[in-house]
Protein chains: 2
Amino acid sequence: MDRLIEAINTTQNPSVVGLDPTEALVPAQVVASFADEVRESVESEEELQAAQLAVAYYEFNRTIIDAVAGIVPAVKPQIAMYEALGPAGVDVYAMTCEYARERGLYVLADVKRGDIGSTAAAYARMLTGVGEHDPWSIDAVTVNPYLGTDGITPFVDAATEADKDLFVLVRTSNPSSSELQMLDLADGKKVYEHVADLVEGWGAETIGKYGYSRVGAVVGATHSEEGKALRKRMPHTFFLVPGYGAQGGTAADVRGMFDADGSGAIVNSSRGIIGAWRKSGQYSEGMSADEALELVGESARAATIDMRDNLRAVL
Amino acid sequence: MDRLIEAINTTQNPSVVGLDPTEALVPAQVVASFADEVRESVESEEELQAAQLAVAYYEFNRTIIDAVAGIVPAVKPQIAMYEALGPAGVDVYAMTCEYARERGLYVLADVKRGDIGSTAAAYARMLTGVGEHDPWSIDAVTVNPYLGTDGITPFVDAATEADKDLFVLVRTSNPSSSELQMLDLADGKKVYEHVADLVEGWGAETIGKYGYSRVGAVVGATHSEEGKALRKRMPHTFFLVPGYGAQGGTAADVRGMFDADGSGAIVNSSRGIIGAWRKSGQYSEGMSADEALELVGESARAATIDMRDNLRAVL
């Protein structure tokens with residue numbers, strides 16, 4: 001986790017921008033502007049929409065990345081939005097990761113993978129690549145704990161080999177996360193506390209120079225009290241904190257997820273940053289694609305600075 | 001689940017072949033045979049290995065699919081093996097699914113996705129496609145329950161819209177699955193039993209003409225007793241049973257996961273089928289790529305028939 005912590009220190013900003021494009025978050029004229037270019041590359045009329053969205057997502061992402069590079073230490077592209085478009089979307093996912101890395105950003109691949117040992121070893125190659133080839137260009141992945149230790153160990157090994165990290169789901173930000181995670185166990189713990197203890201153990205052999213291991217935890221901004229308790233329970237575990245902004249979490253809510261030195265966590269906002277242009281009051285349908293992208297970038301940059309300053313104010 | 005059940009009835013075979021290729025499972029001469037073809041399409045020397053494996057996986061998969069079509073009702077490609085190769089591997093994943101469907105097979109995409117509601121909705125588009133375009137060509141996905149109901153509902157909705165299915169992890173086949181799934185809850189249930197009850201509920205509105213809902217459950221062949229108990233606990237839930245063969249599960253172990261009519265479950269074998277050529281005693285390094293593929297197909301076909309007959313014998 002050392003590289004992420006150093007990037008946070010450099011920018012003095014413990015926040016990460018979620019690159020989760022959807023049809024609604026990319027201005028319509030940007031998507032439309034690729035109609036001709038895409039038509040030449042697809043095999044059938046039906047593929048047009050997905051292909052056009054894929055190219056538009058890449059252009060949109062590059063605009064956001066250019067606007068926030070230097071302000072934030074990291075980006076977190078959510079692969080679901082890209083997989084929704086099929087393999088063409090997955091191509092754009094990898095291109096986005098590569099571009100973000102070229103701009104000096106730490107790339108946290110939000111993929112929430114998880115499987116039995118032999119399969120987890122295949123997923124973990126997202127971190128190590130194939131021979132000298134690194135097709136994904138990422139620095140960390142998110143992982144699901146439901147399968148237990150043998151589904152996690154291959155990721156820890158790969159992260160160690162490649163100087164990368166993973167973040168395991170502990171207490172997710174969504175409303176129904178409590179259905180499983182908050183259940184009371186017979187031994188008095190809750191399920192997510194049991195998972196938290198496992199996560200702290202999974203990282204134990206990989207603690208870096210700042211006291212945090214390569215095995216982070218996902219702890220939702222929407223669970224302020226539990227996050228504070230988890231901070232004490234997991235002293236060597238760095239937190240990825242989603243749920244800030246659009247999902248309702250505030251800077252005050254996440255304060256307790258940081259350690260006494262103001263380190264130990266990075267807070268994600270996706271829609272609040274990449275969709276900021278929609279709340280700018282400056283968008284109109286008559287804008288050109290370039291004008292719309294310029295507004296996207298300016299709005300994202302302003303929202304990123306706001307978020308940074310809000311976090312700094314409570315730390 | 002009706003389409004899957006009908007395909008099982010037609011073949012009189014409740015088994016599914018896992019298409020999980022790895023370097024070790026594809027004969028070396030098959031991989032080598034694509035060296036020249038691939039060299040022309042890659043941008044750098046480093047990409048060669050991944051690109052060559054991707055093409056070889058596709059040829060390998062087609063051989064397996066041709067060999068087992070008509071004997072089994074379904075295939076289950078595990079996406080991890082393809083993602084390990086980067087976007088080129090993901091292309092081959094989609095091509096494999098499309099080819100299997102063209103050969104009349106039900107395609108169960110083993111992707112184990114799971115995320116918060118808005119993100120799950122994006123993943124669920126793997127079932128519904130983009131407009132008229134269906135880039136993944138699949139009939140079902142596997143899903144992880146750790147996020148709770150709002151991470152599942154979008155998949156149920158998409159499955160209903162597209163006449164497809166999902167299978168939620170309940171009791172996985174791997175050794176350390178017990179760390180979380182077998183924990184005792186304060187109310188006397190175990191975690192996996194609580195998940196089982198949720199799964200039965202998630203499917204309640206989608207029960208088809210054979211009494212099973214669109215929301216299946218993943219129950220490992222390695223947990224014979226629990227599988228038997230789950231069969232009673234989840235009367236409307238169809239089971240996907242991995243862990244047969246290479247992982248240790250036998251036909252006798254899975255008997256209790258079927259209902260009184262011999263329906264209600266489909267058993268997966270991956271390495272036992274696609275790697276059967278390695279145990280045939282007929283392979284030699286001096287074989288041509290075509291000869292090796294022929295052996296792969298013959299061995300897979302024989303192993304598939306063996307598995308079918310073993311299952312029939314206990315049902």
Side-chain angles (χ1 to χ4, degrees), chain A residues 20 22 44 46-47 49-50 53 78 80-81 83-88 90-91 93-94 112-117 119-120 122-123 125-126 129-133 135-136 144-151 169 172-181 183-187 191 194-195 198 242 247, chain B residues 20 22 44 46-50 53 78 80-81 83-88 90-91 93-94 112-117 119-120 122-123 125-126 129-133 135-136 144-151 169 172-181 183-187 191 194-195 198 242:
Chain A
D20 310 356
T22 62
S44 69
E46 287 109 53
E47 288 177 40
Q49 190 187 348
L53 282 169
Q78 167 54 257
M81 310 311 178
E83 289 189 0
L85 305 181
V90 177
D91 277 341
Y93 186 80
K112 297 190 176 68
R113 300 306 192 237
D115 214 304
I116 66 168
T119 307
Y123 276 134
R125 289 177 70 173
M126 294 184 84
V130 183
E132 298 298 303
H133 179 45
W136 293 106
N144 188 304
Y146 194 68
L147 286 279
T149 299
D150 64 29
L169 304 188
T172 60
S173 59
N174 57 315
S176 56
S177 59
S178 301
E179 288 174 8
L180 213 70
Q181 298 161 26
L183 293 177
D184 291 309
L185 293 170
D187 67 3
V191 166
H194 184 88
V195 174
L198 286 172
Q247 288 183 57
Chain B
D20 310 358
T22 62
S44 69
E46 286 111 53
E47 288 176 42
L48 268 181
Q49 190 188 347
L53 283 169
Q78 166 55 259
M81 310 311 177
E83 289 189 1
L85 305 181
V90 177
D91 278 341
Y93 186 81
K112 297 191 177 65
R113 300 307 192 235
D115 214 304
I116 67 170
T119 307
Y123 276 133
R125 287 176 72 174
M126 293 183 86
V130 182
E132 298 298 303
H133 179 45
W136 292 106
N144 188 303
Y146 193 69
L147 286 279
T149 300
D150 63 29
L169 304 187
T172 59
S173 58
N174 57 316
S176 56
S177 59
S178 302
E179 288 174 8
L180 213 70
Q181 298 163 25
L183 293 177
D184 290 309
L185 293 170
D187 68 2
V191 166
H194 183 88
V195 174
L198 286 172

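Values in this document were obtained by computation on a predicted structure and should not be read as measured data. The sequence lines fix the lettering, A, B, ..., with proteins before strands; numbering per chain opens at 1.
- Residue with the most contacts toward chain A among B:I116, B:L183, B:L147: B:L147 (heavy-atom pairs, distance under 4.5 Å).
- Using a 4.5 Å cut-off between heavy atoms, B:L180 touches chain A through its side chain atoms alone.
- With a 4.5 angstrom heavy-atom cutoff, B:N144 touches chain A only via side-chain atoms.
- By number of non-hydrogen pairs under 4.5 angstrom with chain B, the leading residue of A:D184, A:V130, A:D150 is A:D150.
- In terms of the side-chain contact (heavy atoms from CB on, under 4.5 Å) criterion, residue partners of A:A80 (sequence neighbours excluded) are, by chain and number, A:Q78, B:T119, B:A122, B:Y123.
- The shortest distance between side-chain heavy atoms of B:E83 and B:Y93 does not fall below 4.5 Å.
- Within the 4.5 angstrom heavy-atom criterion, atoms from both the backbone and the side chain of B:P145 approach chain A.
- A:P135 meets the side-chain contact (heavy atoms from CB on, under 4.5 Å) test with A:H133, B:P87; sequence neighbours excluded.
- B:M126 touches chain A through its side chain: at least one heavy atom from C-beta onward sits under 4.5 Å away, while N, CA, C and O do not.
- Here the shortest heavy-atom pairing between B:R125 and A:A84 reads CB-CB, 4.0 Å.
- Looking at B:L198, only its side chain comes within 4.5 Å of chain A, counting heavy atoms on both sides.
- Of all the listed residues (B:S173, B:P175, B:G131, B:G129), the one sharing the greatest number of non-hydrogen pairs under 4.5 Å with chain A is B:P175.
- Here A:S176 is the residue among A:G117, A:G151, A:S44, A:S176 with the most heavy-atom pairs under 4.5 Å with chain B.
- The most heavy-atom pairs under 4.5 Å with chain B, out of A:D187, A:L53, A:V90, come from A:V90.
- Ranked by heavy-atom pairs shorter than 4.5 Å toward chain B, the options A:E46, A:R113, A:H194, A:Q49 are led by A:R113.
- Taking chain B as the reference chain and counting heavy-atom pairs below 4.5 Å, the highest number among A:T172, A:L85, A:D115, A:L169 is found for A:D115.
- In terms of heavy-atom pairs under 4.5 angstrom with chain B, the leader among A:A120, A:P242, A:A94, A:G86 is A:G86.
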